[in-house]
K.L.:
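Input: one structure, supplied below.
Fair warning: this is a prediction, and the values are worked out from it, not measured in the lab.
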Amino acid sequence: MTETPRVLYQSFGPPENKDYLDRLQRTVAVAGETFGVRVEIAALTRTLLTQKQHRAFHLAAGAHLLEQVYASQAQGYAAAIVGNIQDPALYECRQVCRIPVVGLLDSALAVSRAFGTSVGLITTSALTIPLLRERVRQYGDDARAVSWRTIEIKPPELLAAFTNAERGNDVWQRFVSAARRAASDGAEQLVPASGMLASYLCARAGDTAGWDVGAGAPVLNPVFTAVAHAASAAGLARAGLPISRTGTYSSPSPEALKEFFRT
């Protein structure tokens with residue numbers, strides 16, 4: 001009997017985010033069963049929830065994420081997911097890892113092409129939009145991103161939605177309102193541009209690949225698409241497709257990697 005491939009979901013938040021991480025575990029378990037993999041979540045130590053929306057703090061946290069994803073190879077994972085919609089350290093992980101590594105935004109944009117020609121991204125804060133725009137341009141999808149909307153909520157307030165019904169209703173209403181505006185902008189697919197926001201939508205609307213929230217366009221679940229993308233990439237790697245080391249993902253020498261990661 002073939003062993004079920006394991007996929008690492010590397011969160012960009014600290015382990016103290018227990019309500020979010022517990023809810024996320026339910027979603028990735030459903031997604032993993034759907035796509036034939038076992039998804040395991042790792043939190044990121046030495047970081048704070050309040051830092052997630054600020055790019056300046058991504059440098060140190062991204063370096064720690066790189067270490068954890070690199071170490072996951074020795075733990076037997078077949079693929080890894082960078083669990084932050086801004087895809088911090090994604091290219092760096094791909095340069096040093098033998099296993100395929102995917103990001104939430106990277107996956108959502110790649111998978112959504114089969115389901116709509118344009119997308120609207122709904123963020124938690126305008127603070128995240130500049131980096132998201134940069135990533136979208138980097139991935140060659142700037143022409144597809146026709147709407148950028150925000151619900152303007154701080155991470156601790158969003159975390160409270162998982163246990164506080166009043167806060168949860170407020171988050172839901174803000175999201176649906178922003179989704180309707182994004183659909184009216186011409187977006188054919190709507191993407192919650194936050195892993196934590198997507199997990200709250202799962203708590204509210206169900207652990208599925210997408211939802212109809214009455215906005216006029218379907219909402220894509222980036223957690224589900226990332227698991228689908230990672231499972232597919234893991235299967236392709238097992239079937240003999242290697243990561244190219246020519247150009248963008250050119251890797252340091254084994255000696256340099258050993259020295260850097262001290263493994």
K.L.:
Looking only at non-hydrogen atoms, find the nearest pair between Val101 and Val69 and report the distance.
P.N.:
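That would be CG2-CG1, 4.1 Å.
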K.L.:
May I have all residue pairs that pass salt bridge (Lys or Arg N to Asp or Glu O under 4.0 Å) and include part of residues 94-108, sequence neighbours excluded?
P.N.:
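Pairs touching residues 94-108 that pass the test: Arg94-Asp106.
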K.L.:
Just distance, no hydrogens or angles: give the donor-acceptor pairs under 3.5 Å from side chains in residues 192-205, sequence neighbours left out.
P.N.:
residue: Ser194; atom: OG; partner: Met196; partner atom: N; Å: 3.4
residue: Ser194; atom: OG; partner: Leu197; partner atom: N; Å: 3.0
residue: Ser199; atom: OG; partner: Gly195; partner atom: O; Å: 3.4
residue: Tyr200; atom: OH; partner: Gly168; partner atom: O; Å: 3.0
residue: Tyr200; atom: OH; partner: Arg204; partner atom: NH1; Å: 3.2
residue: Arg204; atom: NH1; partner: Asn169; partner atom: OD1; Å: 2.9
residue: Arg204; atom: NH2; partner: Asn169; partner atom: OD1; Å: 3.1

K.L.:
Under 4.5 Å between any side-chain heavy atoms of Ile151 and Ser177, yes or no?
P.N.:
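Contact flag for Ile151/Ser177 side chains = no.
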K.L.:
Apply side chain to side chain donor-acceptor pair (under 3.5 Å) to the pair Ser184 and Arg180, showing each step before the final yes or no.
P.N.:
CA-CA 6 Å; Ser184 69; Arg180 287 172 177 158; over 6 Å; no
K.L.:
Listing request: all salt bridge (Lys or Arg N to Asp or Glu O under 4.0 Å) pairs with a residue in residues 227-250, at least two apart in sequence or in separate chains.
P.N.:
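Listed by first then second residue: nothing to list.
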K.L.:
Can you check whether Leu132 reaches Trp148 side chain to side chain, under 4.5 Å on heavy atoms?
P.N.:
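Counting from C-beta outward, Leu132 and Trp148 do come under 4.5 Å.
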K.L.:
Please step through side chain to side chain donor-acceptor pair (under 3.5 Å) for the pair Gln95 and Ser251, ending with a clear verdict.
P.N.:
CA-CA 5 Å; Gln95 285 182 319; Ser251 183; over 6 Å; no
K.L.:
Who pairs with Ser253 by side-chain contact (heavy atoms from CB on, under 4.5 Å), at least two apart in sequence or on another chain?
P.N.:
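Only Glu255, Ala256 meet the side-chain contact (heavy atoms from CB on, under 4.5 Å) criterion with Ser253.
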K.L.:
Going by salt bridge (charged side-chain N to carboxylate O under 4.0 Å, His left out), name the residues that satisfy it together with Arg137, two or more places apart in sequence or in a different chain.
P.N.:
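By the salt bridge (charged side-chain N to carboxylate O under 4.0 Å, His left out) rule, Arg137 matches no residue at all.
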K.L.:
Name all residues meeting the salt bridge (charged side-chain N to carboxylate O under 4.0 Å, His left out) criterion together with Asp185; count only those two or more places apart in sequence or in a different chain, and write none if there are none.
P.N.:
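Applying salt bridge (charged side-chain N to carboxylate O under 4.0 Å, His left out) to Asp185 gives Arg149.
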K.L.:
Can you find a heavy atom in the side chain of Tyr139 that is under 4.5 Å from one in the side chain of Leu105?
P.N.:
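In short, these two side chains touch, coming nearer than 4.5 Å.
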K.L.:
Distance check, rounded to the nearest 0.5 Å: Lys154 atom NZ versus Ser125 atom OG?
P.N.:
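It is 7.0 Å, given to the nearest 0.5 Å.
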K.L.:
Quick one: CG on Asp19 to OG1 on Thr163, what's the gap to the nearest 0.5 Å?
P.N.:
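It comes to 5.0 Å.
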K.L.:
Applying ring-ring contact (aromatic ring centres under 6.0 Å, His included), which residue pairs with at least one partner in residues 96-128 are found, sequence neighbours left out?
P.N.:
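Output for this query is empty, none listed.
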K.L.:
Using side-chain heavy atoms (C-beta onward) and a distance below 4.5 Å, is Thr150 in contact with Thr124?
P.N.:
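The answer is no; the side chains never approach within 4.5 Å.
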K.L.:
Closest heavy-atom contact between Ala179 and Ile122?
P.N.:
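Between these two residues, the closest heavy atoms are CA-CD1, 3.5 Å.
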K.L.:
Going through the checks in order, is the salt bridge (charged side-chain N to carboxylate O under 4.0 Å, His left out) test met by Asp141 and Arg113?
P.N.:
CA-CA 10 Å; Asp141 284 283; Arg113 290 191 186 96; 2.8 Å; yes
K.L.:
Applying the side-chain hydrogen bond (donor to acceptor under 3.5 Å, both in side chains) test to Asp22, which of Lys18, Gln25, Arg26 qualifies?
P.N.:
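Only one of Lys18, Gln25, Arg26 forms a side-chain hydrogen bond (donor to acceptor under 3.5 Å, both in side chains) with Asp22, namely Lys18.
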K.L.:
Under the salt bridge (charged side-chain N to carboxylate O under 4.0 Å, His left out) rule, collect the residues that match up with Glu33, sequence neighbours excluded.
P.N.:
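With sequence neighbours excluded, Glu33 shows a salt bridge (charged side-chain N to carboxylate O under 4.0 Å, His left out) to no residue whatsoever.
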K.L.:
Treating Glu152 as the side-chain partner and Ala126 as the backbone partner, does any N or O pair qualify as donor plus acceptor under 3.5 Å?
P.N.:
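Side chain of Glu152 to backbone of Ala126: a pair is present.
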K.L.:
Please identify each residue that fulfils ring pair (Phe, Tyr, Trp, His ring centres under 6.0 Å) with Tyr91, with sequence neighbours left out.
P.N.:
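For Tyr91, the residues satisfying ring pair (Phe, Tyr, Trp, His ring centres under 6.0 Å) (neighbours in sequence not counted) are Tyr249.
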K.L.:
To which residues is Leu236 joined in a hydrophobic cluster, defined by side-chain heavy-atom contacts under 4.5 Å among Ile, Leu, Val, Met, Phe, Trp and Tyr, whether direct or through other members?
P.N.:
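When side chains under 4.5 Å apart are linked, the cluster holding Leu236 also contains Leu241.
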K.L.:
Rounded to the nearest 0.5 Å, what's the gap from OG1 on Thr27 to OH on Tyr9? Could you check?
P.N.:
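The OG1 atom of Thr27 sits 9.0 Å away from the OH atom of Tyr9.
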K.L.:
Which pairs, with at least one residue in residues 206-222 and sequence neighbours excluded, count as a salt bridge (Lys or Arg N to Asp or Glu O under 4.0 Å)?
P.N.:
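Listed once each, the pairs are Arg23-Asp207.
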K.L.:
Looking only at heavy atoms, which two atoms of Leu21 and Pro14 are closest? And how far apart?
P.N.:
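Leu21 and Pro14 have their closest heavy atoms at CD1-O, 3.8 Å.
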K.L.:
Can you sort out the partners of Glu40 under salt bridge (charged side-chain N to carboxylate O under 4.0 Å, His left out), two or more places apart, ordered by chain and number?
P.N.:
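For Glu40, the residues satisfying salt bridge (charged side-chain N to carboxylate O under 4.0 Å, His left out) (neighbours in sequence not counted) are Arg6, Arg38.
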K.L.:
Do Val7 and Phe35 come close enough that some side-chain heavy atom pair is under 4.5 Å?
P.N.:
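No. Closest side-chain heavy atoms not under 4.5 Å.
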K.L.:
Taking the side chain as everything from C-beta on, heavy atoms only, tell me whether Val119 gets closer than 4.5 Å to Leu190.
P.N.:
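SC-SC contact between Val119 and Leu190 ruled out.
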